[in-house]
Amino acid sequence: IGMVGSERYRASAYVSLPLMIQEWRLEAAITGKDRDTVTESLQRILELDRLDISFSEEQLPLMRLAGMKQIADTVLDQIMDAGMVYAERFSYDAMTCNNVAWVAAKNERRLNDALELATLAVRAEPESTTYRDTLAEILFLLGRKEEALQIEQACLLDDPDQWHLHEQIKKFAIRLSV
């Protein structure tokens with residue numbers, strides 16, 4: 001109670017701390033192949049924040065490797081569905097649109113929806129190399145490799161010190177020549 005009235009209290013901790021704990025619990029459950037705990041943790045994470053993508057970039061692919069593909073796909077679909085609904089109302093929230101699109105790209109699922117979200121993010125903030133990089137990754141995954149490479153090369157002109165862009169260009173160029 002003393003924290004609530006103090007200047008050091010952060011209201012966001014009521015959500016962020018339980019999310020962190022559930023993410024740790026999820027990671028341990030995946031490692032232990034404990035499907036029940038995985039399901040419980042995922043449910044709690046999505047109850048706290050339907051658009052929480054902090055766990056899904058790394059943990060959903062690990063779930064697939066651990067034999068929990070159906071659970072991972074269901075959760076990704078829930079995040080994507082929530083992201084699409086959110087984008088209808090808040091299409092200029094570039095960060096959220098980009099983050100949800102990036103999760104789809106990292107999981108290589110729902111790429112058409114991801115393309116729509118990434119396009120909204122770039123439309124809202126066209127100068128962002130981060131958002132254009134996400135768009136390029138999705139185009140690449142959709143087989144539109146030349147477009148992806150062109151976008152990455154333009155990003156590199158805007159942000160030449162970004163090591164990730166150099167890696168992306170190399171990846172896209174190698175696969176384009178195959």
Side-chain angles (χ1 to χ4, degrees), residues 12-125 128-143 148 151-152 162-165 167-168 171:
S12 63
Y14 277 115
V15 174
S16 62
L17 291 177
L19 277 171
M20 286 175 48
I21 291 166
Q22 289 302 325
E23 289 174 20
W24 294 331
R25 185 174 181 235
L26 173 64
E27 187 175 353
I30 292 169
T31 301
K33 298 188 178 189
D34 180 352
R35 289 176 180 269
D36 291 337
T37 303
V38 164
T39 302
E40 289 170 15
S41 291
L42 290 169
Q43 179 182 357
R44 184 67 181 132
I45 288 168
L46 294 176
E47 285 172 357
L48 290 165
D49 183 356
R50 293 179 313 146
L51 295 174
D52 179 38
I53 54 95
S54 61
F55 73 94
S56 52
E57 182 178 343
E58 293 181 18
Q59 300 304 320
L60 293 183
L62 290 177
M63 287 172 60
R64 288 184 182 89
L65 292 174
M68 299 180 214
K69 180 185 181 311
Q70 184 177 7
I71 298 170
D73 290 349
T74 299
V75 169
L76 182 67
D77 285 340
Q78 290 173 327
I79 292 169
M80 290 302 296
D81 290 345
M84 296 302 289
V85 168
Y86 181 87
E88 285 178 24
R89 295 189 62 206
F90 305 105
S91 62
Y92 288 100
D93 182 352
M95 184 177 68
T96 300
C97 289
N98 180 75
N99 288 349
V100 174
W102 181 250
V103 166
K106 291 303 289 181
N107 284 276
E108 297 186 26
R109 294 199 66 246
R110 302 272 303 256
L111 295 176
N112 289 324
D113 289 335
L115 179 60
E116 185 178 332
L117 292 170
T119 301
L120 287 172
V122 170
R123 187 175 299 138
E125 294 189 30
S128 171
T129 57
T130 300
Y131 299 162
R132 288 184 285 150
D133 171 62
T134 298
L135 177 61
E137 179 71 21
I138 293 164
L139 289 169
F140 180 78
L141 292 170
L142 286 169
I151 290 170
E152 287 296 339
Q162 180 63 255
W163 64 269
H164 173 73
L165 299 176
E167 289 180 346
Q168 288 286 82
K171 176 178 86 172

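Below, all heavy atoms of this structure are taken into account, side chains as well, without hydrogens, waters or symmetry copies.
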For E40 and R25, which heavy atoms make the closest approach, and how far apart are they?
OE1-NH2, 2.8 Å
pair D52-L46: side-chain heavy atoms closer than 4.5 Å:
no
How about I53 and T96: do any of their side-chain heavy atoms sit closer than 4.5 Å?
no
Across all chains, not counting sequence neighbours, the side chain to side chain contact (heavy atoms under 4.5 Å, CB included) partners of E47 are Q43, R44
Can you confirm whether T130 sits close enough to Q162 that some side-chain heavy atom of one is under 4.5 Å from a side-chain heavy atom of the other?
no
Would D81 and R110 pass as an ion pair if we require N to O under 4.0 Å?
yes
Set of residues satisfying side chain to side chain contact (heavy atoms under 4.5 Å, CB included) with respect to E108, sequence neighbours excluded
L141
Name the atoms and distances for all side-chain donor-acceptor pairs under 3.5 Å in residues 98-106, with sequence neighbours left out.
unit_1 : atom_1 : unit_2 : atom_2 : d
N98    : OD1    : T134   : OG1    : 2.8
N99    : ND2    : M95    : O      : 3.4
W102   : NE1    : E57    : OE2    : 3.3

Is any side-chain heavy atom of N107 less than 4.5 Å from a side-chain heavy atom of P61?
yes
For residues A148 and L139, report the shortest heavy-atom separation together with the two atoms involved.
CB-CB, 4.2 Å
Which heavy-atom pair separates V38 from A29 by the least distance, and what is that distance?
CG2-CB, 3.6 Å
With sequence neighbours excluded, residues passing side chain to side chain contact (heavy atoms under 4.5 Å, CB included) with A94
A121, A124, E125, Y131
Are side-chain heavy atoms of F55 and L19 found at a separation under 4.5 Å?
no
Provide the closest heavy-atom pair for A72 versus M63 in the form atom of the first, atom of the second, distance.
N-CE, 3.7 Å
Verdict with supporting geometry, R50 and Q78, side-chain contact (heavy atoms from CB on, under 4.5 Å):
CA-CA 8 Å; R50 293 179 313 146; Q78 290 173 327; over 6 Å; no
Who pairs with K171 by side chain to side chain contact (heavy atoms under 4.5 Å, CB included), at least two apart in sequence or on another chain?
E137, F140, Q168, R175
What pairs meet the ring-ring contact (aromatic ring centres under 6.0 Å, His included) rule with one or both residues in residues 71-91, with sequence neighbours excluded?
Y86-F90
